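Accompanying notes for the structure given below.
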Amino acid sequence: MKKIGFACKYVDSTKTGFENVKELNMGATTVAWLGRQSKQVAEKKLWEIAMQNLTATSNLIRKVGTLDEHLRMVRIGSDVIPMYTHDLYRSFWQEPSRIKIIEQNLSKIGQYAKDSNIRLSFHPGQFVCIASDRDDVITRSLEELEYHADMARFMGFGQSKLDFKINVHVSGRRGIAGFDAAWQRMSPELRNCLTLENDEYQQGLDELLALKDKVGIVLDIHHHFIKTGEYIKASDPRIQGVLESWQGVRPTFHYSQSKSELIPRTGMTTMETLLESTSKSKLRAHSDFYTNKDINRWALTHLEWGNMMAESKAKNLASFELFDQFKEEFM
DNA sequence: AAGCGTCAAGGCATG
DNA sequence: CATGCCTTGACGCTT
C-alpha cells in the first residue's frame, strides 16, 4: 500500500493560514517552570500533561484511522511523556504504578494502529547525537532513544524488524564508526526500530549505505538534493541498497520542499541556478505547502518503492494536497 | 487577546 | 562570534 504521511501535528485551515486542532495535539512544559513550583505542583503538572498527551495521541491516531488508507501514516511527537529521561524527573516516571497507566494507554493506541493499518514512527530531536565526540552526550542520546523504544514497546512494537520506526541522523564528529560503537549498547527493541536518515552536510546516502545490514535507511530526497544537487531517481541503483536495509518491510522516505519564495513556481531548477539567488542553508528550511508541482511529480515517483513522509509546516493539509496530485496524475 | 521572553539537550554551516 | 537550521514553536507571564 502506497502511503503519504505527515508529522506530529494535525491542523485546520483558517483565513490567515492554519492552526492546531486542540484535541489532537500535545501540550508541553519546561524544566525551568517546573523548577519554580513546589514538588507537588510540578509532579501534578507533569502527570496532567502526560495524560493529556496520551489522550491527544489516541485522538490523533483515531483521526488518521478515518482517512483514506493511503494517508494512514503519521509521526508521533516526542513529548508524549515530558522529561522522561531528565535527571530530576526520571524516578518520578519510573514509578511502576505510573508506568502501568502509561503502558495501558499506549497499548490501546498501538492495537488500534495495527488494526487500522496505520504506519507509526518517532523522530527524536536534534539533541540525539549518537556519534558525538563527547561520551556524556552519547550516553544521554542513548537514554533518549531508549525512551522512544519504551514508548514503542508499550504500544506493542519493536518485536520484529521495523514494525515501528524511530528515525534519527547519525550526527556527531565520530561519524559512522561512532554509530557502530553506540549500536553495541542498544536494546533489541531499539535495534528493531532504529532508522538512519541522510543529512545535508555530513552523512549522506552514500555514507549511510555502509550500515544497511544493521539499520533501515531513510532517504530524505530533499536533503539529498541539498547535499549533492541531484534529483535522485526512483530507478537509481542506490535505492536497491535502501530496500535491502529495510529487510522486506516497505521503506519510508522523506520529502520536503524549500520555502516557496526561494524556488520557481514550476520546473526543476538546478542547484547551480538556485545558488545564484540564495544559499544552501536557506534552501534547507521547509515550506508550508508543496507549491511546485513539477518537483512534486518527481517526488511522487518514489512511491513506487516506498512510503512518503511529508515534512512541511502545513502538516496534514500539505500531505492531503500531495495525495490529490498523486490521484490526478498517477492513479 | 496579543506580545514577549524563555525553553533540557548538539552539531553544523554560514556570515 | 552570532545566528539559523533541524523532530515542533509552544508555554507562561504580563499587559
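Lettering of chains follows the sequences in order, A, B, ..., and the numbering in each one begins at 1. Here the structure is a predicted model, which is why all the values come from computation and not from measurement.
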Output side-chain donor-acceptor pairs under 3.5 Å for residues 203-213 of chain A, partner residues at least two apart or in another chain, one line each.
from	atom 1	to	atom 2	distance (Å)
Asp206(A)	OD1	Arg238(A)	NH1	3.0
Glu207(A)	OE1	Gly204(A)	N	2.8
Lys212(A)	NZ	Glu244(A)	OE1	2.9

So which pairs with a foot in residues 42-63 of chain A pass salt bridge (charged side-chain N to carboxylate O under 4.0 Å, His left out), sequence neighbours left out?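 Only Lys44(A)-Glu48(A) qualify under salt bridge (charged side-chain N to carboxylate O under 4.0 Å, His left out).
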
Can you list every pair that meets salt bridge (charged side-chain N to carboxylate O under 4.0 Å, His left out) and has a residue in residues 290-303 of chain A, with sequence neighbours left out?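 Salt bridge (charged side-chain N to carboxylate O under 4.0 Å, His left out) check on residues 290-303 of chain A returns Asp294(A)-Arg297(A), Arg297(A)-Glu329(A).
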
Do any of residues 87-95 of chain A sit with a heavy atom less than 4.0 Å from DNA chain B, and if so which?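 When residues 87-95 of chain A is checked for heavy atoms under 4.0 Å from DNA chain B, there are no hits whatsoever.
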
Counting only heavy atoms and a strict 4.0 angstrom limit, can you tell me which residues of residues 199-212 of chain A come near DNA chain B?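 Tyr201(A), Gln202(A) - these, ordered by number, are the residues of the stretch whose heavy atoms sit under 4.0 Å from the strand.
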
Quick check on [N]: is either OP1 or OP2 less than 4.0 Å from any side-chain nitrogen or oxygen of [X]?
X: Arg284(A); N: dT14(B); value: no
X: Lys313(A); N: dG9(C); value: yes
X: Arg173(A); N: dC12(B); value: yes

Which pairs, with at least one residue in [range] and sequence neighbours excluded, count as a ring-ring contact (aromatic ring centres under 6.0 Å, His included)?
range: residues 49-70 of chain A; value: His70(A)-Phe323(A)
range: residues 189-214 of chain A; value: none
range: residues 125-147 of chain A; value: Tyr84(A)-Tyr147(A)

Salt bridge (charged side-chain N to carboxylate O under 4.0 Å, His left out) partners for Glu197(A), two or more places apart: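 Glu197(A): no salt bridge (charged side-chain N to carboxylate O under 4.0 Å, His left out) contacts found.
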
Interface residues of residues 176-184 of chain A with DNA chain C (non-hydrogen, below 4.0 angstrom):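 Going residue by residue through residues 176-184 of chain A, none turns out to have a heavy atom under 4.0 Å of DNA chain C.
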
Residue-level proximity of residues 116-152 of chain A to DNA chain C when a heavy atom falls under 4.0 Å: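 Nucleic-acid contacts, sorted: His123(A), Gly125(A), Gln126(A).
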
Once you apply a heavy-atom cut-off of 4.0 Å, does His222(A) come out as touching a base, just sugar-phosphate, or nothing?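 Result for His222(A) = nothing.
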
What does Lys259(A) touch in the nucleic acid at a heavy-atom separation under 4.0 angstrom: a base, only the sugar-phosphate, or nothing?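 Nothing, no nucleic acid heavy atom in range.
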
Counting runs of three or more consecutive pairs, Watson-Crick or G-U wobble, with each distance below 3.5 Å, where are the stems of DNA chain C?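 The stems that DNA chain C takes part in, listed by first number, are B:1-7 with C:9-15, B:10-15 with C:1-6.
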
Name the closest nucleotide to the Ala28(A) side chain, picking from dC11(C), dC13(C), dT8(C).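 Closest of the options to the side chain of Ala28(A): dC11(C).
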
Could you pick out which residue, Ile49(A) or Lys282(A), lies toward the 5' side of DNA chain C when each is mapped onto its nearest nucleotide?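 Of the two residues, Lys282(A) wins.
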
